[in-house]
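Values in this document were obtained by computation on a predicted structure and should not be read as measured data.
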Amino acid sequence: MEDMLKIDRERFIGSNIHYQYFPLSYFLKTQAELGFQGIDLVAMTPHVWINDRTSEDLNTLRDMILSENLEVSVLSPEHTTMRFLLNATESDRYERSLKYYQNCIDAAYALGAKIVSVAMTGAFRDEDPAAAYSRAVETLKRLCGYAEKTGTVIALETSPVGSETILCTLKELGNTMEKVNHPLLKATLDTVSMAEAGESICDWMNLLGERIVYVKLCDGRAGSDHYVWGTGVYPLNCFLREIIRAGYAGPIGLKTTLAAYNQDPAGTDGQNLIALYPFFKKEAKFHAIRKA
């Protein structure tokens with residue numbers, strides 16, 4: 001394989017998104033055994049307890065993560081349950097959602113994460129999308145202002161076309177970043193959302209360049225699910241070549257969302273690493289795969 005496709009192993013980070021039926025300790029131990037150094041920590045129960053009013057003891061959580069020699073590279077607020085949304089409707093719910101995201105920013109800082117990755121999901125289908133979008137933009141402005149005290153970056157991602165309504169394309173993301181107009185608002189590139197919109201990594205890198213601070217490198221096919229590499233139809237070689245040529249130097253996340261992955265999350269991560277191993281630089285160690 002050509003040298004230009006080789007990439008540092010430590011750039012890749014695991015996610016707890018498919019470990020929801022296992023305790024956080026199991027996830028952390030598995031990540032360490034698989035050779036990950038960083039994680040994308042989704043602030044979801046039962047792993048992380050954060051709401052609009054309080055957070056769990058973050059010092060204890062940080063020590064638990066450090067005990068496995070891991071670091072939180074990215075913190076991702078939980079948004080799929082629609083409890084807390086960037087575009088929340090009623091004023092009370094909107095303020096509670098805003099507070100939740102602020103608490104996530106505080107948690108990211110306490111845990112050492114420099115990036116909080118967010119999405120504009122959950123807009124009601126019977127509402128004017130422009131109204132939901134406007135609320136989300138206002139929330140992002142307020143969150144960026146709040147993040148100034150810690151310098152935490154807010155990385156906004158697009159959502160797959162068909163599953164969401166208000167932010168699904170690169171063009172829409174670029175326009176949003178212009179509207180918010182804040183140096184702490186950056187971008188997350190999700191290859192599933194990108195491919196569903198008919199875009200390429202080159203399109204993203206050409207438009208946003210260094211404003212892309214996080215890449216979720218996932219296999220996929222028609223639809224919004226994120227597959228293990230080798231089980232979808234995306235060209236891994238091509239994706240990695242474009243990422244490297246663009247000079248992207250940030251974390252690369254391995255998000256997987258099929259329900260079947262929840263039954264054997266350790267094996268799922270191991271399968272991903274087997275597919276990626278040929279692309280790691282020679283000094284990368286191949287760790288034992290830990291089955292659930």
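- Of all non-hydrogen atoms in L28 and L70, the two that sit nearest each other are O-CD1, 3.5 Å.
- Using a distance-only test at 3.5 Å, with no hydrogens or angles considered, no donor-acceptor pair links the side chain of S134 to the main chain of A131.
- No more than 12 heavy atoms of other residues, nucleotides or ligands lie within 6.0 Å of NZ in K179, so this atom counts as exposed by the packing criterion.
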Audit row: Y214, D40, side chain to side chain donor-acceptor pair (under 3.5 Å) steps and yes/no: CA-CA 10 Å; Y214 184 31; D40 175 352; 2.8 Å; yes

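- S200 and D203 share a donor-acceptor pair across their side chains, judged by distance under 3.5 Å alone.
- In this structure, L75 and V42 have side chains that are not in contact, with every pair of non-hydrogen atoms separated by 4.5 Å or more.
- Looking at H182, its side chain never comes within 3.5 Å of a backbone N or O of L143 through a donor-acceptor pair.
- Residues D190 and H226 bring a donor and an acceptor atom of their side chains to less than 3.5 Å of each other.
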Derivation and outcome, side chain to side chain contact (heavy atoms under 4.5 Å, CB included), residues L276 and I7: CA-CA 10 Å; L276 287 163; I7 193 165; over 6 Å; no

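- Residues T188 and S117 approach most closely at OG1-OG, 3.0 Å, considering heavy atoms.
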E199 and T169: CA distance, side-chain angles, deciding distance, side chain to side chain contact (heavy atoms under 4.5 Å, CB included) verdict: CA-CA 8 Å; E199 302 157 354; T169 69; 3.5 Å; yes

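- N103 places a side-chain N or O within donor-acceptor distance of the main-chain N or O of N51, the cut-off being under 3.5 Å.
- Transitive grouping of hydrophobic side chains (ILVMFWY, heavy atoms separated by less than 4.5 Å) brings L217 and I244 into a common cluster.
- Geometric assessment of R9 against the ring of F36 yields a positive cation-pi assignment under the 6.0 Å and 45° thresholds.
- Pairing each heavy atom of C144 with each of V180, the nearest pair is SG-CG1, 4.2 Å.
- With a 4.5 Å cut-off on side-chain heavy atoms, T80 and M44 do not count as touching.
- T268 and T256 share no side-chain donor-acceptor pair at under 3.5 Å.
- Taking the six-membered ring for Trp and the full ring otherwise, the centers of Y234 and F239 sit less than 6.0 Å from each other.
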Residues Q271, T231; criterion side chain to side chain contact (heavy atoms under 4.5 Å, CB included); working and verdict: CA-CA 10 Å; Q271 189 177 351; T231 62; 3.6 Å; yes

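- Salt-bridge annotation for D106 and K149: present, with a side-chain N of the basic residue lying under 4.0 Å from a carboxylate O of the acidic one.
- With contacts defined as side-chain heavy-atom distances shorter than 4.5 Å, the pair L111/L41 qualifies.
- The shortest distance between side-chain heavy atoms of M120 and T176 falls below 4.5 Å.
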ring-ring contact (aromatic ring centres under 6.0 Å, His included) between F12 and F280, intermediate numbers included: CA-CA 10 Å; F12 293 88; F280 296 156; 5.3 Å; yes

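- When atom types are taken as modelled, the side chain of Y109 and the backbone of A147 share no donor-acceptor pair closer than 3.5 angstrom.
- Minimum heavy-atom separation, R83 to S97: O-OG, 4.0 Å.
- Not one N or O on the side chain of D225 forms a donor-acceptor pair closer than 3.5 Å with the backbone of G220.
- No path of Ile, Leu, Val, Met, Phe, Trp and Tyr side chains, each step under 4.5 Å between heavy atoms, connects I39 with L66, placing them in separate hydrophobic clusters.
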From CA spacing to verdict: side chain to side chain donor-acceptor pair (under 3.5 Å), Q31, N16: CA-CA 9 Å; Q31 299 306 286; N16 60 315; over 6 Å; no

Step-by-step side chain to side chain contact (heavy atoms under 4.5 Å, CB included) determination, W229 to F279: CA-CA 12 Å; W229 280 106; F279 300 95; over 6 Å; no

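- In this pair, Y26 and Y19 present their aromatic rings tilted. The plane angle is within the 30 to 60° band.
- We find that E33 and K29 are joined by a salt bridge, their nearest charged nitrogen and carboxylate oxygen being less than 4.0 Å apart.
- Considering all non-hydrogen atoms of both residues, Y101 and F84 come closest at OH-O, 3.5 Å.
- Around atom CD of Q20, more than 12 heavy atoms belonging to other residues, nucleotides or ligands sit under 6.0 Å away.
- Checked for salt-bridge contact, D52 and K99 miss the test: no charged N lies under 4.0 Å from a carboxylate O.
- R135 forms no cation-pi arrangement with Y94, by the criterion of a distance under 6.0 Å to the ring centre and an angle within 45° of the ring axis.
- Closest of all the heavy-atom pairs between L86 and A119 is CD1-O, 3.5 Å.
- A salt bridge links R142 to E95: one of the charged nitrogens lies within less than 4.0 Å of a carboxylate oxygen.
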